[in-house]
S.K.: 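Take this structure first; my questions come after.
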Amino acid sequence: MPAETDSAARQFATRVIDWFGVHARDLPWRRPGFPPWGTLVSEFMLQQTPVVRVIPRLDEWLTRWPTPADLAAAPAGDAVRAWQSLGYPRRALNLHACAVAITDRFDGAVPNDVPALLSLPGVGDYTARAVAVFAFGSRHPVVDTNVRRVIARAVEAQPDAAAPNARHDLPAMAALLPADDDDAARFNAGMMELGALVCTARSPTCERCPLAEVCAWRQAGYPATDVARRPTQKRYEGSDRQARGAILAVLRASDGAVPTHVLAEAVPDAAQFGRALAGLLKDGLVTATADDLFALP
DNA sequence: TAGCCGTGGGC
DNA sequence: TGCCCAAGGCT
């Protein structure tokens with residue numbers, strides 16, 4: 001790598017790290033001594049769910065199941081119920097399966113290397129790297145939606161990130177990563193924080209940004225280039241997703257098994273109810289306990 | 001790989 | 001109001 005590029009990358013990282021040192025939010029998983037298991041749980045909860053909604057659930061979760069073995073010993077349905085309304089409840093199922101795998105295959109200790117983490121259910125490229133870096137201090141690029149947006153703007157002069165692409169995103173972040181492990185971890189966290197607080201999706205506050213003076217997008221005059229917009233999600237109201245959520249809400253609120261006709265009251269359209277319940281059974285989020293009786297697993 | 005998978009809050 | 005967005009992962 002050319003010396004001037006290396007120097008620019010170092011200055012870029014220093015700006016982010018210094019800003020992070022002053023503006024980092026006081027979040028539970030940043031407390032000194034926060035356990036790796038807590039980091040893993042928090043990362044699961046943070047997959048597509050905002051920080052403010054995660055914090056109270058995380059606290060409850062870790063009080064109830066302070067170690068992977070504690071969660072592994074509980075029925076999966078308890079995890080789904082404790083997940084409450086965080087959304088995407090299959091994450092609760094995956095987290096429970098994670099706890100079982102950690103207990104069985106890793107002697108109850110959250111693994112510290114990326115390949116082992118990737119072998120766990122529900123742990124993908126982002127989560128594996130985030131745990132390796134934030135729980136264990138390893139040096140890896142961590143790329144989430146915030147990081148991708150900051151790089152797209154500050155480095156690539158684009159108004160927003162393109163579709164996720166590990167072959168592009170990871171090298172792009174790696175090129176900016178400081179050599180020192182601790183600096184690299186702070187840079188990873190700082191880039192995520194910058195994207196979450198300043199370089200936001202809708203209305204970035206560039207006047208508060210530590211990268212404003214070196215931002216390629218700003219220097220180019222904020223061009224509105226034709227970045228492929230993320231595919232618009234299908235309408236939620238009236239969707240099968242909403243129907244699944246309604247069925248699961250009934251089961252979460254019930255102590256025991258629930259008969260079909262009670263579940264069906266949550267979804268007016270009969271065909272849609274059938275699809276939603278079948279999907280939940282297939283995903284393992286619901287089990288049939290007897291003819292016409294259903295419960296959490 | 002594009003589509004699917006919840007839920008709630010902001011504008 | 002309706003749409004967009006949120007520390008992704010799986011198939």
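Quick caveat, the model's predicted, so the values are computed rather than measured. Letters go in sequence order (proteins before strands), and every chain restarts at 1.
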S.K.: Taking only the side-chain nitrogens and oxygens of A:Y236, find out if one of them lies under 4.0 Å from OP1 or OP2 of B:dT7.
M.R.: yes

S.K.: Taking the minimum atom-to-atom distance to the side chain of A:E193, which one of B:dC5, C:dG9, C:dA7 wins?
M.R.: C:dA7

S.K.: Counting side-chain heavy atoms from CB outward, which of C:dA6, C:dA7, C:dG9 is closest to A:R25?
M.R.: C:dA7

S.K.: Which listed nucleotide (C:dA6, C:dA7, C:dG9) is nearest to the side chain of A:Q233?
M.R.: C:dA6

S.K.: Looking across every strand, which nucleic acid part, if any, lies under 4.0 Å from A:W83 by heavy atom: base, sugar-phosphate, or nothing?
M.R.: nothing

S.K.: Going by modelled atom types, is there a donor-acceptor pair between the base of B:dT7 and the side chain of A:R53 at under 3.5 Å?
M.R.: yes

S.K.: Out of B:dT7, B:dC5, C:dA6, which has the shortest distance to the side chain of A:R244?
M.R.: B:dC5

S.K.: Identify whether any heavy atom of A:G124 sits under 4.0 Å from a base atom; if not, whether one sits that close to sugar-phosphate; answer base, sugar-phosphate or nothing.
M.R.: sugar-phosphate

S.K.: Side chain of A:R202 only, please: which of C:dA7, C:dA6, C:dC5 is the nearest?
M.R.: C:dC5

S.K.: Looking for any heavy atom pair under 4.0 Å, which part of the strands does A:T49 touch: base, sugar-phosphate only, or nothing?
M.R.: base

S.K.: Under 4.0 Å between any heavy atoms, over every strand shown, what does A:S42 touch: base, sugar-phosphate, or nothing? Just pick one.
M.R.: nothing

S.K.: At under 4.0 Å, does any side-chain N or O of A:R57 touch on OP1 or OP2 of B:dG6?
M.R.: no

S.K.: How would you label the contact of A:A130 with the nucleic acid (heavy atoms, under 4.0 Å): base, sugar-phosphate, or nothing?
M.R.: nothing

